[in-house]
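Contents: one structure, followed by commentary.
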Amino acid sequence: MRIILDTDPGVDDALAIMYLAAQEDAEIVAVGSVHGNCSAPLAARNALRVLELVGLTVPVAVGAARPFAQPLQTAEFVHGADGLGGHAGPEPNGTVVSESAAEQLVRLARAHPGELTLLALGPLTNIALAVLLEPDLPKLLRSVVVMGGAVTVPGNITPYADANFFHDPEAADLVLGAGFPDMTLVGLDATEQARAGAEWLTAVGALDSPRATFANRLLDHYSGFYSQMFGTHTCTLHDPLAAALMLEPKLATYREMPLAVELTGTHTRGQVVSDQRLIASDAYIATKAGAGRVAVKVAETVEVQRFLDQMFEALKA
């Protein structure tokens, strides 16, 4: 699978890159950074750092610096001021390319129609900009996997919205309504199941390699944040799960439904609005009543232990 990665590293984004680098059936063709866990320029440098750690030379483009219609918000309180829990280290050797992340995505999609899978792990600003640049983008990509949204569960940044969609609701709504024929949403419905416990973290902590050493530094910071919330040694592997489901969809079950994002609600801005009625068939979705939106596959139940085993092997590599 040839992958364009749109990301905001971010601890779990970095772990997702490490996961992908260990998979023989995955090739990261290009990376675009976006605001979210940290600023877009810092996210690009962090992506370069992690790629260099795992021995990959991949073009990295800086993406959108801010959301479409609201002030910039970042998540240093979760990921640290450097985005990597205080463990970013020295500046990377590589440099970013001259084009923007949206321009890079459009250029590659046009050059390789039907060949590339997009994995979006941050706010969807770059993807929305790319759709505006190239309205045929949904026809040009092989498939799209998005980590974001909370369809049937509470949010994690507000009671109703997850962080990625809340950081740019307009972009998320534009992308969900753009008509991508093969889009999978890996939201909190699935990722909140992908929680690593004390036993798994201890096992990873015993691994001895440059990759595992770096991963353990990230996990120590990340689990510290989660442990304050849950009172136990744990953390949630949001972005690595999305990467795993992209490569092995059978790790989860899915339900298809048209989706939109609330943009004007006083308390619900950024919330995923889903049509879960049984009548939401393909014929219904094609009507005005279905908002004219293509159904999205929403990940629901996850084989968590299989995923954790795969993540462990990736960090062991």
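Since this is a predicted model, take the numbers as computed values, not measurements. Computed over heavy atoms, backbone and side chain alike; hydrogens, waters and symmetry mates excluded.
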[X] side chain to [Y] backbone, donor-acceptor under 3.5 Å:
| X | Y | result |
| --- | --- | --- |
| Q23 | Y19 | yes |
| T268 | Q271 | no |
| S33 | A40 | yes |
| D82 | G85 | yes |
| R49 | P90 | yes |
| D162 | G155 | no |
| D8 | N37 | yes |
| E76 | C38 | no |
| Q70 | F166 | yes |
| E103 | S100 | yes |

Hey, which of V50, L84, T7 is the one that makes side-chain contact (heavy atoms from CB on, under 4.5 Å) with D13?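 Of the listed residues V50, L84, T7, the side-chain contact (heavy atoms from CB on, under 4.5 Å) partner of D13 is T7.
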Could you grab the distance from atom [atom1] of [X] to atom [atom2] of [Y], nearest 0.5 Å is fine?
| X | Y | atom1 | atom2 | value |
| --- | --- | --- | --- | --- |
| R45 | L42 | CZ | CG | 5.0 Å |
| D208 | T213 | CG | OG1 | 6.0 Å |
| R110 | L137 | CZ | CG | 9.0 Å |
| L20 | L247 | CG | CG | 6.0 Å |
| L207 | L315 | CG | CG | 7.0 Å |
| L219 | L237 | CG | CG | 7.0 Å |

Using every non-hydrogen atom in the two residues, find where [X] and [Y] come nearest and quote the distance to one decimal.
| X | Y | result |
| --- | --- | --- |
| L188 | P154 | CD1-O, 3.6 Å |
| T74 | S39 | CG2-N, 4.0 Å |
| D189 | G149 | OD1-O, 4.4 Å |
| L48 | G94 | CD1-O, 3.5 Å |

A side-chain contact here means heavy atoms from C-beta on lying under 4.5 Å apart; do [X] and [Y] qualify?
| X | Y | result |
| --- | --- | --- |
| Y222 | H79 | yes |
| Q310 | L251 | yes |
| V186 | V145 | yes |
| I127 | L105 | yes |
| F180 | V175 | yes |
| P181 | P138 | yes |
| I17 | L53 | no |
| L245 | T184 | no |

Can you tell me if [X] and [Y] form a side-chain donor-acceptor pair at under 3.5 Å?
| X | Y | answer |
| --- | --- | --- |
| T202 | E199 | no |
| Y160 | E262 | no |
| D6 | N126 | yes |
| D12 | H238 | no |

State whether [X] and [Y] are salt-bridged, where the test is any N-O pair (Lys NZ or Arg NE/NH1/NH2 against Asp/Glu carboxylate O) under 4.0 Å.
| X | Y | answer |
| --- | --- | --- |
| D182 | K297 | yes |
| E170 | R269 | yes |
| R2 | E27 | yes |
| R142 | E115 | no |

When hydrophobic residues are tied together by side-chain contacts of less than 4.5 Å, even through go-betweens, does [X] share a cluster with [Y]?
| X | Y | value |
| --- | --- | --- |
| I157 | V146 | no |
| L174 | V106 | no |
| V31 | L56 | yes |

Take atom CG of D25 as the centre, draw a 6.0 Å sphere, and report whether it contains more than 12 heavy atoms from other residues, nucleotides or ligands.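 Above 12, so yes.
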Using the six-membered ring wherever Trp is involved, compare the ring planes of H167 and H35 and label them parallel, tilted or perpendicular (cut-offs 30° and 60°).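 Judged by the thresholds at 30° and 60°, the geometry between H167 and H35 is tilted.
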